[in-house]
Amino acid sequence: IESAARNNHVRILNMKPVSFIDTSGEKKGYKKLAVEVECEAQMSSLVQFIYNIQTCSQILKVKQIKLKAKEMNSNIIRSTLSIGKILILS
């Protein structure tokens, strides 16, 4: 997530794990984890960042997006993304 942000000129303001962890798939060999990422970027950079997360090889998925303008008459968008990951257990 951090390298995708750097590559797309997205500034991460805060990243924290979400307390909910879905372990219902543990018997099937996986579990679901999630983080919440607060970031700022121009809209085109944010779209590319989300696309890169969705298409990466680490099985990440953007589950929720909240957008708002950083300030009036600004082209910078402040967003909060909920990103889930499926962790394959060995």
Any heavy-atom pair between the side chains of [Y] and [X] that's under 4.5 Å?
X   : Y   : result
V62 : Q54 : yes
V37 : N14 : no
I65 : L67 : yes
F49 : N7  : no
L13 : R78 : yes
Q42 : H9  : no
N75 : M43 : no

[atom1]-[atom2] distance between [X] and [Y], expressed to the nearest 0.5 angstrom:
X   : Y   : atom1 : atom2 : result
E38 : T80 : CD    : OG1   : 4.5 Å
L46 : N8  : CG    : CG    : 9.5 Å
L33 : L60 : CG    : CG    : 10.0 Å
K61 : I83 : NZ    : CD1   : 13.0 Å
R11 : R6  : CZ    : CZ    : 14.5 Å

Got a donor-acceptor contact below 3.5 angstrom from the [X] side chain to the [Y] backbone?
X   : Y   : answer
E36 : M15 : no
K68 : I77 : no
S45 : A41 : no

- [ ] Check V10 against C39 and note the closest heavy-atom contact, atom names and distance.
- [x] CG1-CB, 3.7 Å
Task: Contacts of I59 that satisfy side chain to side chain contact (heavy atoms under 4.5 Å, CB included) - sequence neighbours left out - done: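 Counting only residues at least two positions away or on another chain, I59 forms a side chain to side chain contact (heavy atoms under 4.5 Å, CB included) with I86, I88.
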Task: Sole residue of I1, V35, I50 in side-chain contact (heavy atoms from CB on, under 4.5 Å) with L81 - done: I50
Open item on the list: Apply side chain to side chain contact (heavy atoms under 4.5 Å, CB included) to residues E40 and K70 and explain how you reach the verdict.
Closed with: CA-CA 8 Å; E40 292 179 346; K70 180 178 178 181; 3.5 Å; yes
